[in-house]
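Structure record follows, encoded as C-alpha cells.
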Amino acid sequence: MQKFMKLALRLAKKANPSPNPRVGAVLVKGNKIIGAGYHKKAGLPHAEIEAIENAKLESSDPEIVKGATLYVTLEPCSHTNKRTPPCTKAIIANKIKRVVFAMNDPNPFVDGARELQRAGIEVSGPTDEKTAAGINKAYLRNVYKKII
C-alpha cells in the first residue's frame, strides 16, 4: 500500500545516522500499523528493528509481528561487517510474511532481498527509488566513493 511506504519515507527524513543511510520502516498487519521506526543514529538499531520492537512494546501478544508486512525505504541489510546485526535475520526470526522496499541498497555487501526470498518471505521492490535516493544522497555518495 502506497500510504504505508509514504509514511516510511517521512520517517526516513527524520533519521540522521551518518554515514549510514536514512531509513524508515512501518510494520502492518490486517491493514493496520502495528509498529514504526527509523534509524536514529549510527550504532543504534536500524529502522526495521525499531519497527519490530515498537510493535512488541505496544502489544501483549509476543508474536504480534508474525505474518505482518514490513514497508522499509531501503533493502534490508544482510551483512555482518558493521556494529549492528543484519536486519534480515530479525525479519526472518520474527516470521514477517512480506517485505516491501523502496530502493535497492547499492552497498555491495548487501543482498537482503535475496536472503529474505530464500527464507520464504515475499519481497517486493524497489517501489520508489527516486524518492528514497533523494533522501539518501549522502549515503549514496559514501557508497560510491567507498567510504563505507
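Index from 1, following the sequence.
- Inter-residue side-chain proximity for Val100 and Thr69 is flagged as met; some heavy-atom pair is nearer than 4.5 Å.
- With contacts defined as side-chain heavy-atom distances shorter than 4.5 Å, the pair Glu75/Met103 does not qualify.
- Within the 3.5 Å criterion, the main-chain N or O of Pro21 finds no donor-acceptor partner in the side chain of Asn136.
- Side-chain atoms of Lys56 and Asp61, non-hydrogen and from C-beta on, never get closer than 4.5 Å to each other.
- Residue pairs meeting the ring pair (Phe, Tyr, Trp, His ring centres under 6.0 Å) criterion with at least one partner in residues 9-31, sequence neighbours excluded, do not occur; the list is empty.
- Atom NZ of Lys14 and atom CG of Leu11 lie 6.0 Å apart (nearest 0.5 Å).
- Looking at residues two or more places apart in sequence or on another chain, you find a side chain to side chain contact (heavy atoms under 4.5 Å, CB included) between Pro86 and Thr80, Thr88, Lys89.
- Listed here is the closest heavy atom pair of Val23 and Ala15: N-CB, 4.1 Å.
- A donor-acceptor contact shorter than 3.5 Å is absent between the side chain of Lys66 and the backbone of Asn94.
- Taken from CZ in Arg22 to NZ in Lys137, the straight-line distance is 10.5 Å, to the nearest 0.5 Å.
- Scanning both residues, Val123 and Gln117, for their nearest heavy atoms gives CG2-CG, 3.7 Å.
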- [ ] Would you please test Phe4 and Asn31 for side chain to side chain contact (heavy atoms under 4.5 Å, CB included) and show each step?
- [x] CA-CA 9 Å; Phe4 299 127; Asn31 210 29; 3.4 Å; yes

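- Residues passing the side chain to side chain contact (heavy atoms under 4.5 Å, CB included) test with Ala8 are Met5, Val26, Thr73, sequence neighbours excluded.
- Heavy atoms only, all atoms of each residue included: Ala36 and Asn54 are closest at O-ND2, 2.6 Å.
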Return all side-chain donor-acceptor pairs below 3.5 angstrom for residues 41-51, not counting sequence neighbours, or 'none' if the list is empty.
residue, atom, partner, partner atom, Å
His46, NE2, Thr84, OG1, 3.0
Glu50, OE1, Lys40, NZ, 2.9

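- Residues forming a side chain to side chain donor-acceptor pair (under 3.5 Å) with Arg118 (at least two apart in sequence, or on another chain): none.
- Annotation: the span from Ser78 atom OG to Leu116 atom CG amounts to 8.0 Å, rounded to 0.5 Å.
- More than 12 non-hydrogen atoms from other residues, nucleotides or ligands lie less than 6.0 angstrom from NZ of Lys29.
- Between Phe101 and Leu74 there is no side-chain heavy-atom pair separated by less than 4.5 Å.
- Taking every heavy atom of both residues into account, Pro76 and Val99 meet most closely at CG-CG1, 4.0 Å.
- Taking Asp128 as the reference, Thr131 meet the side chain to side chain donor-acceptor pair (under 3.5 Å) condition, with sequence neighbours excluded.
- The hydrophobic cluster containing Val110 does not contain Ile91, counting ILVMFWY residues as joined when their side-chain heavy atoms lie under 4.5 angstrom apart, directly or transitively.
- Looking at Leu27 and Ile64, their side chains never come closer than 4.5 Å, going by heavy atoms from C-beta outward.
- Side-chain contact between Tyr71 and Arg98: present, with at least one pair of heavy atoms (C-beta onward) separated by less than 4.5 Å.
- Of the inter-residue distances, the one linking Tyr144 atom OH with Asn107 atom CG reads 10.5 Å to the nearest 0.5 angstrom.
- The two residues Ala68 and Ile34 make their nearest non-hydrogen contact at CB-CD1, 4.2 Å.
- Scanning all heavy atoms of the two residues, the minimum distance from Ala25 to Leu70 falls at CB-CD1, 4.0 Å.
- When only modelled atom types and interatomic distance are considered, Asp105 and Tyr139 share a side-chain donor-acceptor pair under 3.5 Å.
- Considering only heavy atoms from C-beta on, Glu129 comes within 4.5 Å of Asn104 through its side chain.
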